[in-house]
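Below you'll find the structure, written out as structure tokens, and then a few comments.
Only heavy atoms go into these numbers, but all of them, side chains included; no hydrogens, no water, no symmetry mates.
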Amino acid sequence: MQFDHSNSKKYDGLMSIEDLRTLRLRKQKIESDKKARKYILEINQRYRKMRDQKGNNFLKNMNPFKKAA
């Protein structure tokens with residue numbers, strides 16, 4: 001997904017209602033995409049943290065010198 005931010009920064013004085021509407025919709029879409037990426041990043045970080053903890057516990061519990069019961 002690539003965004004064209006150059007069009008949103010152009011301002012030629014008077015804009016039609018349709019231009020204003022498309023500009024507002026484009027800004028809303030960019031903001032919602034930012035929020036979605038941030039949310040996915042948070043989920044991935046939580047998952048990575050849980051996975052690392054589980055892996056560390058497994059390695060700690062696996063002791064080759066421990067007698068089997």
Side-chain angles (χ1 to χ4, degrees):
M1 253 194 294
Q2 293 198 2
F3 300 105
D4 187 14
H5 297 291
S6 61
N7 288 339
S8 64
K9 294 182 181 177
K10 288 182 182 177
Y11 179 72
D12 16 344
L14 299 175
M15 298 175 76
S16 69
I17 293 173
E18 193 62 35
D19 291 339
L20 290 172
R21 185 175 294 134
T22 56
L23 179 64
R24 183 175 53 84
L25 288 174
R26 189 179 313 130
K27 285 182 180 180
Q28 286 176 347
K29 182 170 176 19
I30 290 170
E31 288 301 316
S32 67
D33 288 343
K34 284 181 185 178
K35 288 178 184 176
R37 285 192 302 269
K38 183 178 177 182
Y39 178 69
I40 290 171
L41 177 68
E42 289 173 359
I43 290 174
N44 287 339
Q45 287 175 341
R46 283 187 299 203
Y47 176 74
R48 221 175 284 127
K49 184 178 178 182
M50 289 186 321
R51 189 184 64 205
D52 290 344
Q53 286 176 349
K54 186 184 260 187
N56 289 341
N57 288 340
F58 176 75
L59 292 175
K60 285 179 186 175
N61 292 336
M62 195 173 78
N63 187 352
F65 302 108
K66 192 178 204 179
K67 282 189 173 181

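- Here the CG atom belonging to L25 is positioned 11.0 Å from the CD1 atom belonging to I30, to the nearest 0.5 angstrom.
- Note that NZ of K49 is 14.5 Å distant from CG of N44, once rounded to the nearest 0.5 Å.
- Annotation: the span from L41 atom CG to R46 atom CZ amounts to 10.5 Å, rounded to 0.5 Å.
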Pair D19-T22, side chain to side chain donor-acceptor pair (under 3.5 Å): steps then yes or no: CA-CA 5 Å; D19 291 339; T22 56; 4.6 Å; no
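- In this structure, R48 and Q45 have side chains that are in contact, with non-hydrogen atoms separated by less than 4.5 Å.
- Looking at residues two or more places apart in sequence or on another chain, you find a side-chain contact (heavy atoms from CB on, under 4.5 Å) between I17 and R21.
- Here Y39 sits in one hydrophobic cluster together with I43; the rule is ILVMFWY side chains under 4.5 Å apart, joined directly or through other members.
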